[in-house]
Amino acid sequence: MIKIMNYNELSYDEIFSRFEPTSSVEGVVSDIIKTVKTFGDKALFDYTARFDKAQLTDLQVSKAEINEARSLVEPEFIGILEHAAKNIRKFHEAQKRQSFIINDGDGIVMGQKIIPVDRAGLYVPGGTAAYPSTVLMDAIPAKIAGVREVVMVTPPSVDGKVNPAILAAASVAGVDKIFKVGGAQAIAALAYGTETIPKVDKIVGPGNAFVAEAKKQVFGTVSIDMIAGPSEILVVADGKSNPRWVAADLLSQAEHDKNASAVLVTDSMELAQAVSDELEKQIPLLDRAEIARASIDNNGKIIVADNLNVVIDIANEIAPEHLELCVDNPFDWLSKIRHAGSIFMGRNCPEALGDYLAGPNHTLPTSGTAKFSSPLSVDDFIKKTQYTYYTADALKRVAEDVACFARKEGLTGHAKSAVIRLEDDEA
């Protein structure tokens, strides 16, 4: 049963502690990465046979396989994928940045160029955790950013095939190449390249502990989006909220993973108890009841505070991945929310809307990192290059200032490079 806590009666650690999964996979992942770097495709075939029990003859998914997958997926779901993709494109198109130039007409020109990365790699989980929504959320922003080639990796099933819904989503999103490989070995292949899989500049997408550790270890060779922790939801709800709805929303994340975190923060003890009772009614009805039960019992909590201002303060301190604002006039409270990955406004906006259809990205910062990081966006697939131009006269006006600054830092070479042009002009 979920824990109900009174904010005024417990210590900071009791209120704000969160589950921190331990992982001892560093050595295993390091060995996998080294093996893929050394043996390339052969290592990928071997690891796929070992971990996924699939005997492959080709790593790349063919166009015929993609077409077959689309034919296996219900036309209704293809329509839903296309609807979701339209909403995701609309939202992320608004994120596009523009290059700029500053020309003050005095012999000085400065500017910044926005340039997409050349190649992006998407990791998409497979097996029981097959999420076509992740394909759309990761691929579409990359395409909008202008990435030349979007490469997807995903583990195959035992028969050597990829989940048809994932391939259908990749087709809708415009993924350029798809490879049947998963786990840490897939991350290594994207980071370093093999005979078949090209090296990428950026790796995005969720995965298990091995995938997360591999992303951590290859960071620096390539860029990554984030190291994602367990799924999180925090519901801010007042006493007018429907406890059935709130309980269902908490369970929408609890069913993800036994380590997931579902938290309700409210100003109503009556609602807190009603939601607790509803959770007990609804958990047994879920297909993933065992997972949801473990999540709620081990990591779930209901925090009761005196008023909504304190409730919002608690939410900001937790900085959740998903935050539902189940109150009257939610836009009146929006400015007070400072730390959250994605905010769902009002009583008719369940977090599941954001997972699938609404448009904002569902790849979000977890474990409190929303205090300093952001959802996946078009910005993740671009880089900025700046440039500067000075005429000879413009340089003359500032060369001695530059040299003075350089000497103050003990860098006489810097100083010389600024004034040597003036010396040559005087010679």
Side-chain angles (χ1 to χ4, degrees), residues 85-122 136-151 173-176 199-205 219-226 334-335 337-343 358-365 369-406 408-409 411 413-415 417-422:
K86 179 181 178 181
N87 291 345
I88 295 166
R89 289 191 184 98
K90 181 178 181 180
F91 182 85
H92 289 81
E93 282 282 357
Q95 295 177 335
K96 291 175 68 175
R97 291 178 178 265
Q98 301 297 321
S99 300
F100 66 79
I101 185 169
I102 299 171
N103 186 347
D104 64 5
D106 200 20
I108 302 170
V109 179
M110 297 175 288
Q112 179 174 277
K113 291 176 60 180
I114 303 298
I115 307 167
V117 300
D118 288 336
R119 186 181 287 124
L122 317 181
L136 302 182
M137 294 290 180
D138 290 355
I140 289 174
K143 284 291 184 179
I144 290 172
V147 176
R148 293 179 183 176
E149 187 172 58
V150 176
V151 178
V175 173
D176 297 296
K199 181 186 185 311
V200 304
D201 304 301
K202 178 103 181 197
I203 299 174
V204 305
F219 176 67
T221 299
V222 293
S223 177
I224 62 172
D225 52 350
M226 63 187 77
L334 180 59
S335 63
I337 303 293
R338 299 184 61 246
H339 305 306
S342 193
I343 304 171
N361 210 283
H362 80 192
T363 301
L364 304 169
T369 59
K371 287 188 175 181
F372 53 80
S373 56
S374 307
L376 188 76
S377 71
V378 171
D379 285 348
D380 283 283
F381 299 98
I382 59 100
K383 56 192 180 72
K384 299 178 279 288
T385 297
Q386 57 194 28
Y387 58 89
T388 307
Y389 169 80
Y390 271 57
T391 63
D393 287 342
L395 176 61
K396 285 180 182 178
R397 293 194 296 271
V398 300
E400 291 295 344
D401 290 345
V402 172
C404 177
F405 214 137
K408 184 65 69 175
E409 295 188 348
L411 299 173
H414 282 61
S417 72
V419 299
I420 194 169
R421 291 165 171 78
L422 307 186

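With sequence neighbours excluded, no residue satisfies salt bridge (charged side-chain N to carboxylate O under 4.0 Å, His left out) with Asp138. Scored by the salt bridge (charged side-chain N to carboxylate O under 4.0 Å, His left out) test, Lys86 finds no partners at all (sequence neighbours excluded). Applying the side-chain contact (heavy atoms from CB on, under 4.5 Å) test to Arg97 and every residue at least two apart in sequence or in another chain returns Ile114, Asp379, Ile382. Annotation: side-chain contact (heavy atoms from CB on, under 4.5 Å) contacts of Ala399 (sequence neighbours excluded): Leu395, Leu422. Under the side chain to side chain donor-acceptor pair (under 3.5 Å) criterion, Lys371 pairs with Glu317, not counting sequence neighbours. Under the side-chain contact (heavy atoms from CB on, under 4.5 Å) criterion, Gln95 pairs with Phe91, His92, Ser377, Val378, not counting sequence neighbours. The side-chain contact (heavy atoms from CB on, under 4.5 Å) check on Ser417 picks up nothing, with sequence neighbours excluded.
Residue Ile140 comes nearest to Ala173 through the heavy atom pair CG1-CB, 4.1 Å, listed as atom of the first residue, atom of the second, then distance. Contact record, Asp225 with Gly205: OD2-N, 2.9 Å, taken as the closest heavy-atom pair. Of all heavy-atom pairs spanning Ala85 and Leu136, the tightest one is N-CD1, 4.3 Å. Heavy-atom minimum distance, Ala120 versus Val147: N-CG1, 3.7 Å. The shortest non-hydrogen separation linking Asn361 to Pro141 is ND2-CG, 3.7 Å. Gly146 approaches Pro116 most closely through the heavy-atom pair O-CG, 3.4 Å.
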inquiry  = Please determine whether salt bridge (Lys or Arg N to Asp or Glu O under 4.0 Å) holds for the pair Lys202 and Asp380, giving the CA-CA distance in whole Å, both sets of side-chain angles, and the decisive distance to 0.1 Å.
reply    = CA-CA 8 Å; Lys202 178 103 181 197; Asp380 283 283; 3.4 Å; yes

task = Give the C-alpha distance, both sets of side-chain angles, the deciding distance and a yes or no for side chain to side chain contact (heavy atoms under 4.5 Å, CB included) between Lys199 and Val222.
result = CA-CA 9 Å; Lys199 181 186 185 311; Val222 293; 3.9 Å; yes

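Between Val109 and Ile102, the closest side-chain pair of non-hydrogen atoms is not below 4.5 Å. In this structure, the side chains of Leu376 and Met137 stay at 4.5 Å or more apart for every pair of heavy atoms. When side chains are defined from C-beta on, Asp176 does not count as touching Val151, because their heavy atoms never get closer than 4.5 Å. Under the 4.5 Å side-chain criterion, counting only non-hydrogen atoms from C-beta, His339 is not in contact with Thr369. Residues Phe381 and Asp201 form no side-chain contact, since every pair of their non-hydrogen atoms from C-beta on lies 4.5 Å or further apart.
Applying the side-chain hydrogen bond (donor to acceptor under 3.5 Å, both in side chains) rule to pairs touching residues 106-119 yields Asp106-Arg397, Arg119-Glu149, sequence neighbours excluded. Screening residues 386-395 for side-chain hydrogen bond (donor to acceptor under 3.5 Å, both in side chains) gives no qualifying pairs among residues at least two apart or on separate chains.
From Ser99, atom OG reaches atom NZ of Lys384 across 11.0 Å, with rounding to the nearest 0.5 Å. Rounding to the nearest 0.5 Å places CZ of Arg421 at 12.5 Å from NZ of Lys396.
No more than 12 heavy atoms of other residues, nucleotides or ligands shown are found within 6.0 angstrom of NZ on Lys96. Annotation for Phe100: atom CZ counts as buried by contact number, over 12 foreign heavy atoms lying within 6.0 Å.
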